[in-house]
Amino acid sequence: MTNTKQNNSNSEKERLDFIRQIVAEDLKTNKWDGRVVTRFPPEPNGYLHIGHAKSICLNFGIAAENTGGVCHLRFDDTNPTKEEQEYIDSIIEDVHWLGWDWSEHLYYASDYFEQMYEYAVQLIKKGKAYVCDLTAEQTREYRGTLTKPGKDSPYRDRSVEENLDLFERMKAGEFPDGSCTLRAKINMSHPNLNMRDPVMYRILHAAHHRTGDKWCIYPMYDWAHGLEDSIERITHSICTLEFENHRPLYDWFLDQLDAYHPQQREFARLNLTYTVMSKRKLLKLVQEGHVVGWDDPRMPTLSGLRRRGYSPQAIRNFCKRIGVNKFNSTVDIALLEHCLREDLNKTSPRVMAVLRPLKVVIDNYPEGQVEELEAINNPEDPSAGVRKVPFSGELYIEREDFMEEPPKKFYRLAPGREVRLRYAYFVTCTDVIKDESGDVVELHCTYDPATRGGDAPDGRKVKSTLHWVSAGHALEAEVRLYDHLFTKENPDDTTEGEDFKSNLNPNSLEVLTSCRVEPSLKNALPLSRYQFERLGYFCVDPDSSDGKLVFNRTVSLRDPWAKIQKARKKK
RNA sequence: UGGGGAAUAGUGUAACGGUAGCACGACUGACUCUGGAUCAGUUAGUCCAGGUCCGAAUCCUGGUUCCCCAGCCA
């Protein structure tokens, strides 16, 4: 059998998640006339985060995978008191950045307000909706509890004429905020609380970011959302699990109106270890200054991840790998980081940078000589080519690459030990200079001219290769190192009386100000990504200016030595 | 104590009555001018108890545990 492998790959059929299975099945049975129309419907009241990316990739992904499939971007802007244009702009930018496109299908719920109003009038005429004068507090009392049925509002049996008149006057602005609502007339003792005469419209004398002062009544989610889907002739209305309880109401409204009726499906939202994912909590972190903004590189927001150096491809790969299901789960952030490294390894140009510089003088290197040594830009991608890196007799190496008394398994530089400087020469440490407090401030080495380029003609080997920069040529840079924003896998795991902020990691940001990077980075553009050899992936922060480079560490390289040290510390 | 959902290695997922598989993590080892990458290997699982069946993660019965719902938020 020569083609076993091929058979295997052929028989390995594409595994579809349960939503995609439903879409495939619907296509087979021609349930929607062969159409696949999904939508991503964010409320513009915050920035998008990695959890939204899961939903975005699901909805846009399904549309892209099926011929003729379409995914709408729709702003669910039904609450003017919480929504802002800033959020709309950021959402558009983020979805585009992730690599998705909605072409002309950009919609706003607010564009349907007139239609929704007409539908509401229809419902009133059918005797299925009424204007209720109960206060918010009374409404709550009348609703009953999880175990006790509610009771009918005294306004429940108003005549159609009276309801029509009152509703029109609500719209006309005759009544103050909170004085009355339009409610669906369903069943006050329904076991599903959502069905106990839910509010359809509330009065809000607030300016809307798009409709201005045109409206003072605004539709509630349950009333609006199904209509939006219906108007846009969505086929698969995919949302998160907490809306499962709302589906009967979604269905009820569309059935009563005899309107086009998409199918709602629910999946579990994403949770990630060491981070929070609720807009409310993220907003709190921003407002209280625990982070510098929505795009702080420690935030799980798409803008934060972008600034941190994540690639859209890494995030999309991640979303593909985590799958889609109906049960709550928490994905290990290590999987996200794996997808990140996997993508950046293939795409990032390599460069040398020293985070914590230690001066090295090569005593036998010709005074004043400078050589241009060739370095490979990306060993994973030959087409990335090569570049020149200046070498001289005065260098910086990483402070942690030298130990005066090296423990077992430390392969790097130590007194009397020979190592390779990447793309350069073998050097041997001959002398250690310390200051009065005993700290190592400078190393003296000799180099072997025969090892130019990094190979010894006599075939002798060294145990390790160090990165370096030429002291006279390197650029100064600031580097920001990040760690998880929270110290606990589950930030909500708190002690009595504390909230998630008590689990904030005080060491989530470390700023290094006297780093040195190789001169090829001089004109590096903001948001461009590099691998600093042996250290990790780094991204140029927009805070960089002409004279000053600032880098964010996106993620470190896998680092067995760090692991060994960590294990030793524990002992 | 009402209703709606859901349970597969440490984590995330597949298997749709027929050999419980994949990925991440962890741990070995090989290789290496990045202690990177790559490659090879090890580790470990069907919530519980019954039942149906030649055969059950899958079907049935009964439990257990977890999540969601009492906004004029979405």
Side-chain angles (χ1 to χ4, degrees), chain A residues 12 15 17 21 41-43 45 76 78-79 81-83 132 134-137 139-141 143-150 177-183 189-196 198-204 217-218 220-222 224-225 239-248 266 268 273 279-280 321-339 341-342 345-346 350 352 375-376 379-380 409-412 420-424 426 451 453-455 461-467 489 531-536 556-564:
Chain A
E12 194 165 311
R15 282 194 282 265
D17 57 68
Q21 280 178 32
E43 183 191 12
N45 69 343
D76 204 1
T78 57
N79 184 354
T81 65
K82 290 191 176 169
E83 298 153 6
C132 179
L134 253 29
T135 64
E137 195 183 337
T139 304
R140 193 184 338 119
E141 284 162 9
R143 186 156 33 228
T145 68
L146 294 176
T147 49
K148 268 181 278 177
D177 285 8
S179 56
C180 57
T181 56
L182 183 72
R183 295 227 259 161
S189 48
H190 196 110
N192 181 340
L193 302 232
N194 294 128
M195 300 296 273
R196 319 242 260 229
V199 173
M200 295 163 60
Y201 278 95
R202 76 285 215 188
I203 299 175
L204 246 31
I217 55 171
Y218 290 93
M220 298 285 293
Y221 169 86
D222 286 307
H225 205 86
C239 60
T240 43
L241 247 32
E242 67 270 25
F243 292 104
E244 214 159 9
N245 293 326
H246 296 247
R247 183 159 33 130
E266 308 84 11
T273 54
K279 278 196 217 172
R280 204 198 95 245
R321 289 215 203 181
I322 56 177
V324 180
N325 244 319
K326 287 202 67 150
F327 45 90
N328 300 302
S329 58
T330 301
V331 177
D332 192 336
I333 192 132
L335 181 60
L336 213 211
E337 292 175 347
H338 168 80
C339 293
R341 292 190 180 104
E342 186 180 51
N345 175 50
K346 286 184 294 196
R350 265 102 255 226
M352 288 196 285
I376 294 165
E380 304 294 323
K409 290 194 177 171
F410 180 86
Y411 303 145
R412 283 107 96 142
R420 171 170 38 235
L421 295 179
R422 175 133 236 222
Y423 299 123
F426 284 13
T451 57
D455 281 309
K461 301 286 184 197
V462 287
K463 206 61 168 136
S464 79
T465 301
L466 309 186
H467 61 275
E489 275 198 22
Q531 185 198 96
F532 289 179
E533 292 218 26
R534 303 209 307 133
L535 297 174
S556 65
L557 252 24
R558 285 188 62 229
D559 187 353
W561 171 240
K563 209 177 267 182
I564 291 168

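Letters go in sequence order (proteins before strands), and every chain restarts at 1.
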A.B. asks: What does A:Ser464 touch in the nucleic acid at a heavy-atom separation under 4.0 angstrom: a base, only the sugar-phosphate, or nothing?
C.D. replies: nothing

A.B. asks: For nucleotides B:rA23 and B:rG41, find the distance between their P atoms and express it as a whole number of Å.
C.D. replies: 11 Å

A.B. asks: Could you tell me how far B:rC47 sits from B:rA20 if I compare only their P atoms? Round to whole Å.
C.D. replies: 15 Å

A.B. asks: Is it true that A:Lys326 and A:Glu244 make a salt bridge, defined as a side-chain N closer than 4.0 Å to a carboxylate O?
C.D. replies: yes

A.B. asks: Tell me what A:Tyr218 touches on the nucleic acid: a base, only sugar-phosphate, or nothing, going by heavy atoms under 4.0 Å.
C.D. replies: nothing

A.B. asks: Are A:Thr240 and A:Glu242 close enough that a side-chain donor and a side-chain acceptor fall under 3.5 Å?
C.D. replies: yes

A.B. asks: Can you check the A:Asn328 CG to B:rC66 P distance for me, whole Å?
C.D. replies: 13 Å

A.B. asks: So what does A:Arg140 touch, heavy atoms closer than 4.0 Å: a base, only the sugar-phosphate, or nothing?
C.D. replies: sugar-phosphate

A.B. asks: Determine whether A:Tyr221 and A:Asn79 make a side-chain contact, defined as any pair of heavy atoms from C-beta on separated by less than 4.5 Å.
C.D. replies: no

A.B. asks: Please classify the nucleic acid contact of A:Pro379 as base, sugar-phosphate, or nothing, using heavy-atom distances under 4.0 Å.
C.D. replies: base

A.B. asks: With syn defined as a glycosidic torsion within 90 degrees of 0 and anti otherwise, which applies to B:rG71?
C.D. replies: syn

A.B. asks: List every contact pair, protein side and nucleotides 37-42 of chain B side both N or O, where the distance is under 3.5 Å.
C.D. replies:
residue: B:rA37; atom: OP2; partner: A:Arg558; partner atom: NH1; Å: 3.1
residue: B:rA37; atom: O2'; partner: A:Asn345; partner atom: ND2; Å: 3.3
residue: B:rA37; atom: O2'; partner: A:Glu380; partner atom: OE1; Å: 3.4
residue: B:rA37; atom: O2'; partner: A:Glu380; partner atom: OE2; Å: 3.0

A.B. asks: Within the distance-only criterion (no hydrogens, no angle test), does the side chain of A:Arg202 pair as donor or acceptor with the backbone N or O of A:Asp177 below 3.5 angstrom?
C.D. replies: no

A.B. asks: Distance between the C1' atoms of B:rG25 and B:rU1, in whole angstroms?
C.D. replies: 42 Å

A.B. asks: Looking for any heavy atom pair under 4.0 Å, which part of the strands does A:Thr273 touch: base, sugar-phosphate only, or nothing?
C.D. replies: nothing

A.B. asks: Can you tell if the side chain of A:Glu533 reaches within under 4.5 Å of the side chain of A:Thr465, non-hydrogen atoms only?
C.D. replies: no

A.B. asks: Let me spell it out: for each of A:Asp559 and A:Val199, pick the nucleotide of RNA chain B with the closest heavy atom. Which residue's pick is nearer the 5' end?
C.D. replies: A:Asp559

A.B. asks: At under 4.0 Å between heavy atoms, what does A:Phe532 touch on the DNA or RNA strands: base, sugar-phosphate, or nothing?
C.D. replies: nothing

A.B. asks: Using both pair distances under 3.5 Å as the test, note the stems of at least 3 consecutive Watson-Crick or G-U pairs that include RNA chain B.
C.D. replies: B:2-7 with B:64-69, B:10-13 with B:21-24, B:25-30 with B:38-43, B:47-51 with B:59-63

A.B. asks: At 4.0 Å (heavy atoms only), tell me whether A:Asn45 reaches a base, stays on the sugar-phosphate, or touches nothing.
C.D. replies: nothing

A.B. asks: Which sits closer to the 5' end of RNA chain B, A:Gln531 or A:Arg202, going by the nucleotide each is nearest to?
C.D. replies: A:Gln531

A.B. asks: Once you apply a heavy-atom cut-off of 4.0 Å, does A:Leu557 come out as touching a base, just sugar-phosphate, or nothing?
C.D. replies: base

A.B. asks: Below the 4.0 Å mark, does B:rA26 have OP1 or OP2 next to a side-chain nitrogen or oxygen of A:Lys563?
C.D. replies: yes

A.B. asks: Specify the separation, in whole Å, of atom CG of A:Asn325 and atom C1' of B:rU8.
C.D. replies: 11 Å

A.B. asks: Once you apply a heavy-atom cut-off of 4.0 Å, does A:Glu43 come out as touching a base, just sugar-phosphate, or nothing?
C.D. replies: sugar-phosphate

A.B. asks: Is the shortest heavy-atom distance from the side chain of A:Arg341 to the side chain of A:Ser556 under 4.5 Å?
C.D. replies: yes

A.B. asks: Measure distances between side-chain N and O atoms of A:Arg350 and base N and O atoms of B:rU34, and say whether any donor-acceptor pair falls under 3.5 Å.
C.D. replies: yes

A.B. asks: At under 4.0 Å between heavy atoms, what does A:His467 touch on the DNA or RNA strands: base, sugar-phosphate, or nothing?
C.D. replies: nothing

A.B. asks: Can you find a heavy atom in the side chain of A:Pro248 that is under 4.5 Å from one in the side chain of A:Met195?
C.D. replies: yes

A.B. asks: Kindly indicate whether the side chain of A:Glu141, heavy atoms from C-beta on, has any atom under 4.5 Å from the side chain of A:Leu134.
C.D. replies: no

A.B. asks: Considering only heavy atoms from C-beta outward, does the side chain of A:Val331 approach that of A:Leu336 to under 4.5 Å?
C.D. replies: no

A.B. asks: Just call it for A:Glu83: base, sugar-phosphate, or nothing, with non-hydrogen atoms closer than 4.0 Å on any strand.
C.D. replies: nothing

A.B. asks: From the set B:rA23, B:rA14, B:rC67, return the single nucleotide nearest to any side-chain atom of A:Leu335.
C.D. replies: B:rA23

A.B. asks: If you compare all heavy atoms of A:Val199 against all heavy atoms of A:Met220, which two are closest, and at what distance to 0.1 Å?
C.D. replies: O-CG, 3.3 Å

A.B. asks: Contact class for A:Ile217 (heavy atom, under 4.0 Å): base, sugar-phosphate, or nothing?
C.D. replies: nothing

A.B. asks: Pick the P atom in B:rC59 and in B:rC16, then give their distance to the nearest Å.
C.D. replies: 11 Å

A.B. asks: For a quick test of reading the model, state the closest non-hydrogen atom pair linking A:Ser179 to A:Ile203 and the distance between them.
C.D. replies: OG-CD1, 3.7 Å

A.B. asks: Just call it for A:Gly323: base, sugar-phosphate, or nothing, with non-hydrogen atoms closer than 4.0 Å on any strand.
C.D. replies: nothing

A.B. asks: Have a look at A:Arg422 and say if it touches a base, only the backbone sugar-phosphate, or nothing, with a 4.0 Å heavy-atom cut-off.
C.D. replies: base

A.B. asks: First locate atom OH of A:Tyr423, then atom NE2 of A:His467, and finally report the distance between them rounded to the nearest 0.5 Å.
C.D. replies: 13.0 Å

A.B. asks: Report yes if some heavy atom in the side chain of A:Arg196 is under 4.5 Å from a heavy atom in the side chain of A:Arg183; otherwise report no.
C.D. replies: no

A.B. asks: Shorter than 3.5 Å, N or O on both sides, protein versus nucleotides 1-4 of chain B: list them out with atom names.
C.D. replies:
residue: B:rG2; atom: N9; partner: A:Leu146; partner atom: O; Å: 3.3
residue: B:rG2; atom: N3; partner: A:Leu146; partner atom: O; Å: 3.2
residue: B:rG3; atom: N2; partner: A:Asn245; partner atom: OD1; Å: 3.1
residue: B:rG3; atom: N2; partner: A:Asn245; partner atom: ND2; Å: 3.3

A.B. asks: If you define the side chain from C-beta out and look only at heavy atoms, does anything of A:Arg534 sit under 4.5 Å from A:Leu466?
C.D. replies: yes

